[in-house]
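Just below is one structure, and these are the notes that go with it.
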Amino acid sequence: MPPSITRLDEIVAGLGPQHRARFDRLYAFNRSTARVVPPEPMEDWIAKTFRYLGPTREAVLEAIRAQPITHVVNRVTGQATLFNAVRASRPLDATDASDLAQEVEASRGGPFCRPMELTPAGAFGRIGQKTCANVAAYDGWHGLVIFEAHDPLRFRTDAFRPEEVADLLATARDWAERAHAADPEARFFLLMWNCLWKAGASIIHGHAQMVVGRAFHYGKVERLRRDARRYRADHDADYFADLVAVHESLGLADGCGRVSALAHLTPVKERELVLVAPSYDDPDLPHALWRALKTYSRLGVQSFNLAVHTPPLGEPDPAWAGFPTLVYLVDRGDPSSRTTDVGGMELYASSVVSADPFDLAEALRRAED
Ligand SMILES: [Zn+2]
């Protein structure tokens with residue numbers, strides 16, 4: 001049987017003593033079974049609705065009657081995820097894909113197709129025609145990289161190349177450095193790419209967002225810095241190196257030069273990948289990120305969030321020593337679905353996820369260069 005999150009107990013039991021000790025420093029998990037007793041008149045509906053859960057009607061009903069749940073928590077950061085494969089959404093059908101393509105086409109000619117006329121410049125102007133200011137900013141320094149191609153799903157085409165990822169990373173960093181030069185207190189750079197409305201984008205044309213915070217880093221980045229510092233004090237070990245090593249020992253990591261791509265054991269939502277790079281300008285990062293996006297493309301992902309955590313700009317800050325550059329990618333689900341994937345559980349408790357990180361790791365390893 002292939003490795004899966006429902007077999008995490010066996011996989012962890014098979015680790016050598018050193019790997020096991022490291023796993024136990026970082027993670028705890030618990031298994032339970034949700035028992036569901038459908039009345040007979042419900043059976044036809046269940047067999048049809050959940051047909052992807054098994055080859056026969058009886059297999060589908062059985063999958064619903066006893067649902068294995070795995071709850072994993074990162075002891076260091078408190079990030080926690082409940083896995084239940086039964087909650088997987090139905091596979092996308094062709095009609096949905098053509099509806100999306102039509103909607104993308106219909107939005108051509110919008111503001112990001114004519115940025116010089118229809119988008120504002122920032123305090124220091126623009127970088128070529130590639131950047132603009134956000135018309136409704138969420139921090140003092142808030143800019144956008146407008147992609148040359150209108151189609152936000154260009155990452156799913158063969159034309160999409162690693163050089164475009166390198167250009168995006170460099171342009172965003174250049175913009176942040178200009179903000180920092182104009183305002184030396186603005187040091188805390190964050191890059192995001194929200195792809196399509198499910199990921200929070202209000203404009204379809206492909207774009208990424210940059211913010212540069214003052215005084216302190218964005219809350220979740222600062223939280224992570226403190227957690228890693230406490231881990232160092234408690235265990236005399238590097239949290240990020242251990243995070244990578246645990247994922248490697250479980251078969252949840254894939255290397256791309258000096259960058260490790262992790263199929264995250266406590267994903268915030270479906271198919272979360274975390275790339276761990278020595279630094280933002282590491283020459284292996286664009287290729288690793290391109291591979292991650294190609295993996296998403298092959299898995300049928302259309303809407304996703306991407307975010308980059310990186311130490312402050314300017315002179316090296318001892319408070320951030322050893323903090324790597326982390327790139328997060330998460331699938332936000334079917335753009336044609338009206339239901340949001342984030343509810344009370346995600347905001348206030350543990351994330352609820354159906355995609356298996358072991359399947360994601362397998363897809364990553366199959367990625368071609
Ligand atoms: Zn456009």
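Because only heavy atoms are used, hydrogens play no part in the values below, and waters and symmetry mates are left out as well, while side chains stay in. Atoms within each ligand, like the ligands themselves, are counted from 1 in listed order.
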Checklist entry - Is the F323 ring parallel, tilted or perpendicular to the W320 ring (thresholds 30°, 60°)? => result perpendicular
Checklist entry - Given H247 and S260, is the side-chain hydrogen bond (donor to acceptor under 3.5 Å, both in side chains) satisfied, shown in steps? => result CA-CA 10 Å; H247 282 78; S260 298; over 6 Å; no
Checklist outcome for this item: For R156, the salt bridge (Lys or Arg N to Asp or Glu O under 4.0 Å) test, sequence neighbours excluded, returns none
Next on the checklist: Test: side-chain hydrogen bond (donor to acceptor under 3.5 Å, both in side chains). Region: residues 180-190. Which pairs qualify, not counting sequence neighbours?
Outcome noted: W141-D183, D183-R214, R187-D317
Checklist entry - Should H264 and T81 count as side-chain neighbours, where that means a heavy-atom distance under 4.5 Å? => result no
Checklist entry - Please, which pairs that meet ring pair (Phe, Tyr, Trp, His ring centres under 6.0 Å) have at least one residue in residues 299-319, sequence neighbours excluded? => result F155-F304, W193-F304, H309-Y328
Checklist entry - What's within reach of the Zn ion (ligand 1), meaning protein N/O/S atoms under 2.8 Å? => result C113 SG, H150 ND1, H205 ND1
